[in-house]
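Here is the structure we will look at.
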Amino acid sequence: MPSWQGPGGQGRVLSVKLGGSVVTDKERPFTLRLGLLGRIAAALAAVAKETGTRYVVTLGGGSFGHVAAHEAQEAGASPAEALSVVTSVMAELAQAVADVLAMHGMRPVVYPPHAFCKPLGLRPSCSWSPVSEALRLGATPLLYGDAYPCGDGWCIVSGDELAVEAACALGASHVIYVSDVDGIYGPSGELLREVKLEEVARLATVAGRERGYDVTGGLARKIRAIRENWCAGLHGVWVVNGLRPERIRSLVAGRPTVATLVLP
Ligand code: IPE
């Protein structure tokens with residue numbers, strides 16, 4: 001299979017992380033990108049209908065979770081206050097996205113990570129069996145980066161590690177990171193079609209701007225999260241530009257498109 005050919009196909013399970021920059025407007029606190037979300041949902045739903053591809057979807061925090069967590073930190077909120085605010089804001093975001101997916105014929109079921117995961121470092125350590133059963137019934141499990149109690153305080157589990165652990169636990173062949181960049185760029189600014197994870201760690205130069213608050217850290221953390229959760233059944237991780245939903249559609253349908261494939 002040529003590397004630029006997408007991972008989708010009959011009966012495939014794909015783990016799709018919708019980054020905060022495509023789900024929300026990172027420059028406007030608590031603002032959804034509803035139009036874009038609708039086009040992404042339509043792309044995913046169309047391929048599900050055509051090929052039987054199934055998804056587990058994970059959301060980033062964007063201008064919901066990151067802003068709430070930052071404000072809680074700044075205000076010196078107690079762990080209980082911070083947990084309450086961040087988990088509420090992310091639950092609202094997830095329900096709004098679930099509504100959009102449902103409007104396009106998908107059957108989302110929201111799984112709040114603080115309620116079924118107990119992260120150990122970058123390993124979310126979730127209890128996946130109910131999620132797996134919902135997926136088997138044709139539902140689309142919907143997860144999101146979340147806050148959870150840790151020690152005497154609160155911590156954040158990122159959608160980055162949740163999407164990889166979900167892929168491994170639910171039998172997905174690939175993780176797809178939907179971001180606002182075309183993929184991963186090489187040292188001379190060229191878009192890489194295929195790259196080894198270790199090479200990405202060396203490059204650490206994803207093109208694009210960091211905007212707004214980010215309480216989970218940049219690319220280096222993302223690479224560690226991917227590496228620590230990779231499993232034998234996971235064939236690769238794609239990075240694709242969600243601002244171009246037609247690329248998502250091609251990718252999940254198994255057709256060639258502009259994207260980067262990261263291999264172990
Ligand atoms: C962060 O999740 C979740 C919270 C801040 C509560 P991510 O780390 O996956 O979010 P994005 O994709 O960077 O926005």
Side-chain angles (χ1 to χ4, degrees), residues 15-33 36-37 40 56-75 77 79-97 110-117 119 121-124 126 141-150 153-167 175-181 184 204 206 208-226 228-229 237-243 248:
S15 174
V16 179
K17 172 169 179 213
L18 300 178
S21 55
V22 298
V23 178
T24 72
D25 182 340
K26 280 208 158 182
E27 279 158 11
R28 289 168 208 234
F30 310 109
T31 307
L32 278 169
R33 299 187 79 167
L36 183 61
L37 266 172
I40 292 173
V56 48
V57 176
T58 304
L59 309 176
S63 71
F64 280 69
H66 286 289
V67 170
H70 180 83
E71 285 181 356
Q73 276 160 3
E74 290 291 291
E81 282 170 329
L83 272 175
S84 175
V85 168
V86 177
T87 57
S88 301
V89 156
M90 287 307 298
E92 275 176 36
L93 173 65
Q95 192 53 53
V97 175
V110 178
Y111 289 91
H114 68 265
F116 81 109
C117 307
L122 289 174
R123 290 175 170 265
C126 308
L142 183 58
L143 323 166
Y144 48 89
D146 204 3
Y148 64 95
C150 72
W154 58 288
C155 297
I156 299 276
V157 56
S158 164
D160 291 341
E161 53 261 27
L162 284 164
V164 182
E165 189 176 281
V175 175
I176 301 175
Y177 286 111
V178 178
S179 69
D180 61 353
V181 294
I184 298 171
V206 170
R209 306 175 302 273
E210 285 293 333
R211 290 184 305 270
Y213 297 121
D214 184 342
V215 293
T216 45
L219 182 62
R221 185 191 183 284
K222 195 183 197 94
I223 293 163
R224 281 206 314 280
I226 296 172
E228 286 198 24
N229 291 288
V237 168
W238 287 89
V239 181
V240 66
N241 194 338
L243 307 182
I248 301 177

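Every number for a ligand or one of its atoms is a count from 1 in the order of the listing. These values consider heavy atoms only, across backbone and side chains, with no hydrogens, waters or symmetry-generated copies. What you see is a predicted model; the values in this text were computed from it and never measured. Along the sequence shown, residues are numbered consecutively beginning with 1.
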For a 4.5 angstrom cut-off between non-hydrogen side-chain atoms, does Glu161 reach Arg221? yes

Taking only residues two or more places apart in sequence, or in another chain, which ones meet Phe30 in a ring pair (Phe, Tyr, Trp, His ring centres under 6.0 Å)? Phe64

Has the side chain of Ser15 got a donor or acceptor atom that lies under 3.5 Å from a matching backbone atom of Ala166? no

Under a 4.0 angstrom heavy-atom cut-off, which atoms of ligand 1 come close to Gly19? 12 (O)

Before signing off on this row, confirm whether Asp146 and ligand 1 have an N or O atom pair separated by under 3.5 Å. no

Look at atom 7 (P) of ligand 1 and find which of Ser179, Ser21, Gly65, Ser158 reaches it with the closest heavy atom. Ser158

So the atoms of ligand 1 within less than 4.0 Å of a heavy atom of Gly145 turn out to be 2 (O), 3 (C), 6 (C)

Can you tell me if Gly62 has a non-hydrogen atom under 4.0 Å from ligand 1? yes

May I ask you to identify, for Val86, whether its side chain, its backbone, both or neither come under 4.0 Å of ligand 1 on a heavy-atom basis? side chain

Heavy-atom proximity to atom 10 (O) of ligand 1, picking from Gly61, Ala163, Gly20, points to Gly61

Do Tyr144 and Val97 come close enough that some side-chain heavy atom pair is under 4.5 Å? no

Below 4.5 Å, heavy atoms only, C-beta onward: do Leu32 and Val23 meet side chain to side chain? yes

Please report whether ligand 1 has a polar contact with Ala69, defined as an N or O pair separated by less than 3.5 Å (distance criterion only). no

Please evaluate residues Cys117 and Leu162 with respect to the criterion side-chain contact (heavy atoms from CB on, under 4.5 Å), reporting the C-alpha separation (whole Å), side-chain torsions for both, the decisive distance (0.1 Å), and the verdict. CA-CA 9 Å; Cys117 307; Leu162 284 164; 4.2 Å; yes

